[in-house]
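Step one of this worksheet: look at the structure below.
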Amino acid sequence: MGWMSRFLVAVGFLAFGILFSPETFGSNSSNGEYSSKLTIALRLTHLLCFSTSFGAALWVTFIGGIIMFKNLPRHQFGNLQSKMFPAYFSLVTVCSTLSLASLGYLHPWKSSAAAEKYQLGFLLSGLAFNLSNLLVFTPMTIEMMKQRHKIEREENIGEEVGWTKNRDVAKKNPKLAAMNKKFGMIHGLSSLANILSFGSLAMHSWYLAGKMNL
């Protein structure tokens, strides 16, 4: 099934869900008032964008990346990550922005309760951490990775799967050792920003769970 076919199927299921939602048949909300179409659209935007951000972060951080690392030659893994991470951080940035904007419209800061203000803060923090990765840490990490790959190819290493030969070679190659130190620092900051962004999303998921009335 091609990309467009999958997209159309997803849109079809979404349309089906909207058709059979309580609001479509004229049901009122829990407080006895009819929800406006704008409010429903903003809630849907917030939910879909948040769930996309959270799901993407969960998969890339804890599942997909680990599987690829354990099964691909190290240089191939790095090159794949250099293509995947900009797309991943761009997706999460767009979704986080829309999620934050929709929640901010539904719960303006001046009139919001403390709980909603905390959630706006969590989402804003997550967006900031993600932007730092998209605009600063990821470009630096990719550039340093390319430089390190060049040095490793000169030493005939980098195509191994699993445990790397880098550390043993770096003991005899000061240039590689220095590059490892720089790469490790920037990559560590990138990983920390990604974890903090995911943590902010996780805290918001707890808030959303408390709002559910199943």
Side-chain angles (χ1 to χ4, degrees), residues 6-63 84-139 189-214:
R6 284 177 283 182
F7 177 75
L8 292 175
V9 169
V11 171
F13 275 108
L14 176 60
F16 189 80
I18 293 174
L19 178 63
F20 286 94
S21 67
E23 288 78 8
T24 303
F25 291 110
S27 300
N28 56 5
S29 59
S30 58
N31 59 5
E33 298 178 355
Y34 287 94
S35 297
S36 69
K37 292 183 179 180
L38 176 59
T39 298
I40 296 170
L42 288 172
R43 289 173 179 171
L44 178 63
T45 298
H46 178 73
L47 182 61
L48 290 180
C49 289
F50 167 77
S51 59
T52 299
S53 299
F54 186 82
L58 178 66
W59 175 263
V60 170
T61 304
F62 299 106
I63 303 174
M84 186 181 72
F85 270 102
Y88 158 62
F89 288 126
S90 296
L91 172 66
V92 176
T93 294
V94 172
C95 289
S96 296
T97 300
L98 292 173
S99 182
L100 175 63
S102 56
L103 184 66
Y105 188 93
L106 292 168
H107 300 281
W109 181 266
K110 291 183 179 180
S111 59
S112 292
E116 278 68 39
K117 289 181 178 180
Y118 278 120
Q119 298 311 311
L120 289 169
F122 289 146
L123 291 179
L124 183 60
S125 297
L127 176 59
F129 288 128
N130 193 73
L131 279 173
S132 69
N133 249 327
L134 177 64
L135 301 177
V136 181
F137 297 133
T138 294
L189 291 173
S190 176
S191 298
L192 177 62
N194 185 52
I195 289 295
L196 291 174
S197 177
F198 177 79
S200 299
L201 294 174
M203 286 187 282
H204 187 60
S205 69
W206 182 262
Y207 164 83
L208 291 179
K211 290 291 184 179
M212 295 179 67
N213 186 18
L214 299 177

**Asked** To the nearest 0.5 Å, what is the distance between CG (Leu103) and OG1 (Thr45)?
**Response** 12.0 Å
**Item:** Test side-chain contact (heavy atoms from CB on, under 4.5 Å) applied to Leu135 and Phe89, step by step
**Value:** CA-CA 9 Å; Leu135 301 177; Phe89 288 126; over 6 Å; no
**Request:** Kindly compute the distance separating CZ (Phe54) from OG (Ser205), expressed to the nearest 0.5 Å.
**Result:** 4.5 Å
**Fill in**
So the ring-ring contact (aromatic ring centres under 6.0 Å, His included) pairs with at least one residue in residues 92-126 (sequence neighbours excluded) are none
**Message:** Which residues pass the side chain to side chain donor-acceptor pair (under 3.5 Å) test with Ser51, not counting sequence neighbours?
**Reply:** none
**Prompt:** Out of curiosity, Leu196 CG to Ser191 OG, how far, rounded to the nearest 0.5 Å?
**Reply:** 11.0 Å
**Item:** For Leu100, side-chain contact (heavy atoms from CB on, under 4.5 Å) partners two or more places apart
**Value:** Leu120, Leu123, Leu124, Leu127
**Request:** Supply the atom-to-atom distance Met203 CE to Phe198 CZ, rounded to the nearest 0.5 angstrom.
**Result:** 11.0 Å
**Prompt:** Do Pro86 and Thr138 have side chains that get closer than 4.5 Å, going by heavy atoms?
**Reply:** yes
**Complete:** Hits for side-chain contact (heavy atoms from CB on, under 4.5 Å) against Thr61, two or more places apart or cross-chain, chain-then-number order -> Tyr88, Asn194, Ile195
**Prompt:** From Asn133 CG over to Leu192 CG, what is the distance, rounded to the nearest 0.5 angstrom?
**Reply:** 9.5 Å
**Prompt:** Listed by chain and number, what are the side-chain contact (heavy atoms from CB on, under 4.5 Å) partners of Leu208, not counting sequence neighbours?
**Reply:** His46, Phe50, His204
**Request:** Under the side-chain contact (heavy atoms from CB on, under 4.5 Å) rule, collect the residues that match up with Ser132, sequence neighbours excluded.
**Result:** Phe137, Ala193
**Message:** Looking at Ser96 and Val92, would you say the former's side chain and the latter's main chain have a donor-acceptor pair under 3.5 Å?
**Reply:** yes
